[in-house]
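In what follows, a single structure is set out as structure tokens and then discussed.
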Amino acid sequence: MKSFGLACVVLLCAALIYSTMNFPDWGSLNSPASEHVSDYYIQNALEETAVPNLVTAVLADYRGYDTLFETTVILTAGFACFFLLRRYRRKPPPYRLYRHIETGVTLIIEQGGKEPTESEEFMRIDSQWVPYDLVIQKAARLVIPFLQLFALYVIFHGHHSPGGGFQGGVILGATLILLAIANDLRSTTKRISERISAQLASTGVLVYAGTGALCLLLGANFLDYSALSRLIATDPVMARSHGILLVEIGVAIAVSAVMIWIYYNLVSAGRHDEGL
Amino acid sequence: MEELTTLVMAKYNYWGVVILLGIGLYAMIAKNNLVKKIIGMNIFQTAIILFYISISTKYGASIPIIHHGHGHTIHPADYMNPLPHVLMLTAIVVSVATLGVALALAVRIYNHHDTLEEDEVLSQLTTDESTQA
């Protein structure tokens, strides 16, 4: 079976390499991909949308529908992980572990036993707990605020430099995953619960679709941001720029929330009790 | 020899893509472990992303961000094709989402069958059917 698969793959690769002889050369100016709409985007995007970053302009304005449903795909993936993995009516674990912080003694509280409240003295620990690495914890604590600031920069400066909602949202989600890895899952779910992450994910898509619907209410087409110029006192070109910003914020919220949500479900196999 | 060099210089990006594509496809077909299959799927997606990005390049062109300033005339030859970048930007995030769903399915299969090996899962499924019949 393996050799048959290998033969198929080698045959396919040979056919593909043979067919690349007809493909445009590396870096050629008149490759078919660059001949149709791309020239229009390069020549007119700055004039029409006041956004120098062509990728952002095409992503959120010219191909707004594509990005809207791409964001919906990500939201759907978050829901899919939730429905596949989440378990509510679970058996409570046979025992829970608490650590007395001063002495380092671990208490095993069996089911039905009196559990100490988490405080300065006691903390709950995972069953596969290893003593925290001080360097990792402190380094994460130092780095995370700056990473989040950078994520916001990437989101809001996406008009003028490489960046935008997707990239900034992923960085923002990754900082929270870093927090969950450096400490434990419960300390992160205390800050951003599953409910909030799900609501944020839906809110992001709602912001995107709502911006489009707002344009519809103002008498233009769906996602035609130039209609927003009647709400904010700018000309239609700048209104398109602001509309792109709104949409990118929606994308960033949705992407970061879905990243955290998928992480919560995957890392604890849907129990949200003990993580990595 | 010179012809060969020019051929390699003109097409080497596609060959890299095809090699990555083959690695990913082989992993999806032949590997027995489900996580390795998922890794193969990700390598395959990477190959597609690389393919799209490589056809957007133009010789001597800059990144697709217009230089500000007055009096500039904008030539399409000075900037890379932004369209493949846009498509792949969304594709990367979608690949993260599909990876999440695939891993969630793998977790479910592991919880149910206590293994991630495909042949063991299959043998468990066939014995289940035979005991029911």
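Here the structure is a predicted model, which is why all the values come from computation and not from measurement. In what follows, chains are A, B, ... by sequence order, proteins preceding strands, each numbered from 1.
For F23(A), the CZ atom counts as densely surrounded, since its 6.0 Å shell holds more than 12 non-hydrogen atoms of other residues, nucleotides or ligands. Counted within 6.0 Å of CZ on F222(A), heavy atoms from surrounding residues, nucleotides or ligands total more than 12; the atom is thus considered enclosed. In the displayed structure, Y62(A) atom OH is contacted under 6.0 Å by more than 12 heavy atoms of other residues, nucleotides or ligands.
Proximity to chain B is limited to the backbone of S28(A), based on heavy atoms less than 4.5 angstrom apart. Both the backbone and the side chain of L6(A) come within contact range of chain B, judged by heavy atoms closer than 4.5 Å. Residue contact with chain B, scored on non-hydrogen atoms closer than 4.5 Å, involves the side chain of V37(A) exclusively. Heavy atoms of N265(A) lying under 4.5 Å from chain B are absent altogether. Residue M21(A) touches chain B through both its backbone and its side chain, counting heavy-atom pairs closer than 4.5 Å. Interface remark: L25(B) contributes backbone and side-chain atoms alike to the contact with chain A (heavy atom separation under 4.5 Å).
Contact detail for S38(A) and N81(B): the closest heavy-atom pair is CB-OD1, 2.8 Å. Counting all heavy atoms, side chain and backbone alike, Y59(B) lies closest to L29(A) at O-CD2, 4.2 Å. For the residue pair V55(A) and P64(B), the shortest heavy atom distance occurs at CG2-CG, 3.8 Å. Contact detail for V9(A) and G22(B): the closest heavy-atom pair is CG1-O, 3.4 Å. Taking every heavy atom of both residues into account, I65(B) and H160(A) meet most closely at CG2-O, 3.8 Å. Shown here for W26(A) and S54(B), the closest heavy-atom pair between the two residues is CZ3-CB, 3.7 Å.
The distance from the CD atom of Q167(A) to the CD1 atom of I92(B) is 8.0 Å, given to the nearest 0.5 Å. Of the inter-residue distances, the one linking D39(A) atom CG with L83(B) atom CG reads 11.0 Å to the nearest 0.5 angstrom. Annotation: the span from L103(B) atom CG to L84(A) atom CG amounts to 11.5 Å, rounded to 0.5 Å. Distance check: I42(A) CD1 to D78(B) CG gives 9.0 Å after rounding to the nearest 0.5 Å. Summarising the geometry, atom CD belonging to Q43(A) is positioned 9.0 Å from atom CD1 belonging to I66(B); distances are rounded to the nearest 0.5 Å. Interatomic distance, L99(B) CG to I262(A) CD1, rounded to the nearest 0.5 Å: 8.5 Å.
Within residues 27-35 of chain B, the residues having any heavy atom closer than 4.5 Å to a heavy atom of chain A are I29(B), A30(B), listed by residue number. At a heavy-atom cut-off of under 4.5 Å, chain A is reached by K11(B), Y12(B), N13(B), Y14(B), W15(B), V18(B) from residues 11-20 of chain B, listed in order of number.
For the set I74(B), L105(B), T98(B), V86(B), the count of heavy-atom pairs under 4.5 angstrom toward chain A peaks at V86(B). Of the listed residues (I55(B), T90(B), V96(B)), the one with the most heavy-atom contacts under 4.5 Å to chain A is T90(B). Of the listed residues (P24(A), P32(A), S161(A), G78(A)), the greatest number of heavy-atom pairs within a distance under 4.5 Å of chain B belongs to P24(A). In terms of non-hydrogen atom pairs under 4.5 Å with chain B, the most contact-rich of V58(A), L16(A), L266(A) is L266(A). Taking chain A as the reference chain and counting heavy-atom pairs below 4.5 Å, the highest number among A97(B), P82(B), A106(B) is found for P82(B). The candidate from V107(B), V94(B), L89(B) with the greatest count of non-hydrogen atom pairs under 4.5 Å with chain A is L89(B). Contacts with chain B were tallied for G5(A), C81(A), A45(A); C81(A) has the most, counting heavy-atom pairs under 4.5 Å.
In this structure, the side chains of L87(B) and D66(A) come closer than 4.5 Å at one or more pairs of heavy atoms. Under the 4.5 Å side-chain criterion, counting only non-hydrogen atoms from C-beta, L59(A) is not in contact with H85(B).
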